[in-house]
Amino acid sequence: MNIGKKLLISVAVGSVLLFAGTIATAAEQKTAKKVEKKGNVSSANTFNRLLKKEKMRNAGPADDGVHDAANDSTHVLQPPLIAYDGLPPSDFGNYINWVKALDGGQLKPRYDLSDPDVEPLIMDLNIVREVKASVADVVFPHKPHTQWLHCSNCHPKIFIPQRNANVMSMSAILLGQKCGVCHGKVSFPITTKSCKVCHSKPKPKDWKPPKSEASLQTPWR
Amino acid sequence: MFKSAIIGLLSMMAVLLLPQMAKAEYADVVINNYSDAAGMRPAVFPHWYHRIRFRCKVCHADLGFEFKAGGNKITMAKIIDGQFCGACHNGEISWSVENCGMCHSGIPGTPTSIHGSTVQRLVAPTYKALDGKSKPK
C-alpha cells in the first residue's frame with residue numbers, strides 16, 4: 001500500500017510540476033512576444049542599408065552570379081583562387097597585387113602574342129601632380145604602367161603628353177575617365193583603402209589649404 | 001510561434017529568390033552585344049585569367065581591343081577571321097571556336113558590363129546606366 005501511495009504522490013507532484021512548467025513556458029512566450037513587439041522596428045531602419053558587401057571573395061565560375069551553372073562548360077573553367085595561389089595579396093580588386101607579382105617574378109605574362117622572349121619597353125619616370133586639396137600629392141610612376149602597357153594605350157588619346165595639359169578630378173576618374181579608364185575597372189579600384197597608392201607624396205609641413213574664393217570675398221572675415 | 005516561423009521561412013525564401021548581387025571576379029566582362037538576340041548565352045571574358053598570361057599591351061595595343069566593355073563589336077565572323085579573340089583562339093595559341101560554351105557561359109539576359117567596377121559600386125542608381133551599355137531592367 002505504501003508503494004501505491006508513494007506512486008500516487010509522485011504522479012501528482014509530477015503533474016503539478018508539468019502544469020507549472022507549461023504555465024511558466026506560456027508566460028515566457030508571452031513576455032517574449034511583448035519584447036518582440038517592443039523591438040519591432042520598421043524594416044526600413046536596417047543597419048548599413050546601402051553598404052554592399054561581397055559575400056564571397058573570388059567565387060568560382062559556377063557560383064559567381066554571372067556564369068550560367070546550367071552550362072556544362074562553366075564547370076570546366078578555372079576558379080580564380082586556384083590560379084592565385086602564391087601570388088602577393090592586396091585589399092581590393094582581385095585581392096591580388098599584380099604589380100608586385102610581376103616584379104617578384106611570380107608572373108611572366110607575354111609582351112608579345114606568340115613570342116615569350118620579347119622584353120617590354122619600360123620607362124622609369126615619375127610624374128608628380130600637385131593636388132589642390134589637403135590630401136597627399138599624386139606620384140604617377142611610369143614604370144609599372146609601361147611594364148603592362150604600351151605608350152600608345154594612354155598617349156595621346158587619354159593623356160596628352162604635355163605638362164599641365166590634363167585636367168583631372170576624382171569625380172571624373174570615378175566615372176571612368178582619365179585614370180578611371182583602367183583604375184576602378186581592371187587595375188586596382190578606387191576605395192578608401194587604395195587612396196594612398198596614388199596620393200603618396202605628403203604635403204610639406206607648412207602647407208595650408210588654399211582659401212576658396214567665396215570665403216575670401218566674405219566681408220566679415 | 002507559427003507566425004514567426006512562417007515569417008522566417010518567407011524571408012529566407014525572399015533572400016534566396018531575390019536577384020543577388022553578382023559576386024563575379026573583379027574585371028570579368030560580360031559581352032552581350034548580339035548574343036541574346038542570336039539565342040546564345042552572353043560571352044564572359046575573365047580579365048584575371050588573361051592578364052596572368054599576357055600583358056595588357058598585347059590585346060589593347062596589338063590586337064586593337066578598346067578600353068570599353070562591349071565597345072569592340074566583336075562577332076563570330078570577325079573571330080573566325082582572326083580578329084580580336086580569334087588572334088589566339090584559333091587552335092594555335094589557345095583552344096579554337098568550336099568550344100562555344102567556354103566563352104558563351106553567361107546567364108542569359110545579363111547586360112554588357114564589367115564586374116566589380118567602381119561605377120557599379122556607387123550607391124546612386126543613376127550612375128549604373130553609365131557602366132553597361134544596356135539599360136538596367
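Here is how names work: the chains are called A, B, and so on, in the same order as the sequence lines, proteins then strands, and each is numbered from 1.
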J.: How long is the straight-line distance from CZ of A/Phe92 back to CG of A/Asn97, given to the nearest 0.5 Å?
T.: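 Nearest 0.5 Å value for the CG-CZ distance: 7.5 Å.
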
J.: Please state whether the side chain, the backbone, both or neither of A/Ala70 comes within less than 4.5 Å of a heavy atom of chain B.
T.: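 For A/Ala70, heavy atoms of backbone and side chain both lie under 4.5 Å from chain B.
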
J.: Kindly indicate, with the supporting measurements, whether the criterion ring pair (Phe, Tyr, Trp, His ring centres under 6.0 Å) is fulfilled by A/Phe188 and A/His183.
T.: CA-CA 5 Å; A/Phe188 72 80; A/His183 287 285; 4.4 Å; yes

J.: Check whether A/Ser187 reaches the backbone of A/Cys182 with its side chain - one donor and one acceptor, N or O, closer than 3.5 Å.
T.: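 Side chain of A/Ser187 to backbone of A/Cys182: a pair is present.
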
J.: Please classify the contact between B/Arg41 and chain A as side chain, backbone, both or neither, with a heavy-atom cut-off of under 4.5 Å.
T.: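 Just the side chain, heavy atoms under 4.5 Å.
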
J.: Can the ring centroids of B/Tyr49 and B/His47 be said to lie less than 6.0 angstrom from one another?
T.: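 They do not qualify: ring centres at least 6.0 Å apart.
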
J.: Within the 4.5 Å heavy-atom criterion, are A/Lys201 and A/Val138 side-chain neighbours or not?
T.: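 No, their side chains stay 4.5 Å or more apart.
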
J.: Tell me, out of A/Pro61, A/Gly93, A/Pro80, who's got the most heavy-atom pairs with chain B below 4.5 Å.
T.: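 The answer is A/Pro80.
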
J.: Checking heavy atoms, do the side chain of B/Asn99, its backbone, both or neither come under 4.5 Å from chain A?
T.: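 No part of it gets close to chain A.
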
J.: Given heavy-atom pairs under 4.5 angstrom as the criterion, report whether the side chain, backbone, both or neither of A/Leu102 touches chain B.
T.: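 Contact with chain B involves the side chain of A/Leu102 alone.
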
J.: Verify the neighbour count for atom CD of B/Glu98: are there more than 12 heavy atoms of other residues, nucleotides or ligands below 6.0 Å?
T.: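 More than 12 within 6.0 Å, yes.
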
J.: Do A/Asp112 and A/Ser114 touch side chain to side chain, with heavy atoms closer than 4.5 Å?
T.: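 Touching, per the 4.5 Å side-chain cut-off.
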
J.: Measuring heavy-atom distances to chain B, does A/Ile173 have an atom under 4.5 Å in its side chain, in its backbone, in both, or in neither?
T.: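 For A/Ile173, there is no contact with chain B at all, as no heavy atom is under 4.5 Å.
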
J.: Between A/Pro120 and chain B, which part of the residue has a heavy atom less than 4.5 Å away: side chain, backbone, both or neither?
T.: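 Side chain only.
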
J.: Among the options A/Ala59, A/Ala83, A/Gly180, A/Pro189, pick out the one with the most heavy-atom pairs lying under 4.5 Å from chain B.
T.: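 Between A/Ala59, A/Ala83, A/Gly180, A/Pro189, the count favours A/Pro189.
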
J.: For chain B, find which of A/Leu77, A/Leu51, A/Leu87 contributes the most heavy-atom pairs closer than 4.5 angstrom.
T.: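 Ranked by contacts with chain B, first place is A/Leu77.
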
J.: Less than 4.5 Å to any heavy atom of chain A: does that hold for the side chain of B/Ile93, its backbone, both, or neither?
T.: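 For B/Ile93, the contact with chain A is made by the side chain alone.
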
J.: For each of B/Ile52, B/Val44, B/Val30, tally heavy-atom pairs with chain A at distances under 4.5 Å, and name the one with the top tally.
T.: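 Result: the option with the highest number of such pairs is B/Ile52.
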
J.: So does B/Lys23 pair up with A/Asp64, basic N to acidic O under 4.0 Å?
T.: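 Judged by the 4.0 Å cut-off on N to carboxylate O distance, B/Lys23 and A/Asp64 do not form a salt bridge.
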
J.: In terms of heavy-atom proximity below 4.5 Å to chain B, should A/Gln147 be classed as side chain, backbone, both, or neither?
T.: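 For A/Gln147, backbone and side chain are both near chain B.
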
J.: Select, from B/Ser105, B/Gly106, B/Ala27, B/Pro46, the one with the greatest count of heavy-atom pairs under 4.5 Å involving chain A.
T.: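 Looking at each option in turn, the highest pair count goes to B/Ser105.
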
J.: Is the closest side-chain heavy-atom distance between A/His67 and B/Ile107 below 4.5 Å?
T.: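 No. Closest side-chain heavy atoms not under 4.5 Å.
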
J.: Could you name the residues of residues 56-67 of chain B that have a heavy atom within less than 4.5 Å of a heavy atom in chain A?
T.: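 Within residues 56-67 of chain B, the residues under 4.5 Å from chain A are B/Cys56, B/Lys57, B/Val58, B/His60, B/Ala61, B/Asp62, B/Leu63, B/Glu66, B/Phe67.
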
J.: Pairing donors with acceptors under 3.5 angstrom, does anything connect the side chains of B/Glu25 and A/Tyr84?
T.: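 Yes.
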
J.: Does A/Asp137 pair with A/Lys203 as a salt bridge, N-O distance under 4.0 Å?
T.: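 Yes, charged N to carboxylate O under 4.0 Å.
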
J.: Which pair of non-hydrogen atoms, one from B/Gly101 and one from A/Asn71, has the smallest distance, and what is that distance?
T.: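 B/Gly101 and A/Asn71 have their closest heavy atoms at O-ND2, 3.0 Å.
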
J.: With ring pair (Phe, Tyr, Trp, His ring centres under 6.0 Å) as the criterion, how do B/Phe45 and B/His50 come out once you've worked through the C-alpha distance, each side chain's angles and the decisive distance to 0.1 Å?
T.: CA-CA 9 Å; B/Phe45 172 80; B/His50 290 83; 4.3 Å; yes

J.: Using a cut-off of under 4.5 Å on heavy-atom pairs, state which of A/Leu50, A/Leu107, A/Leu174, A/Leu113 scores highest against chain B.
T.: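 The candidate making the most pairs under 4.5 Å is A/Leu113.
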
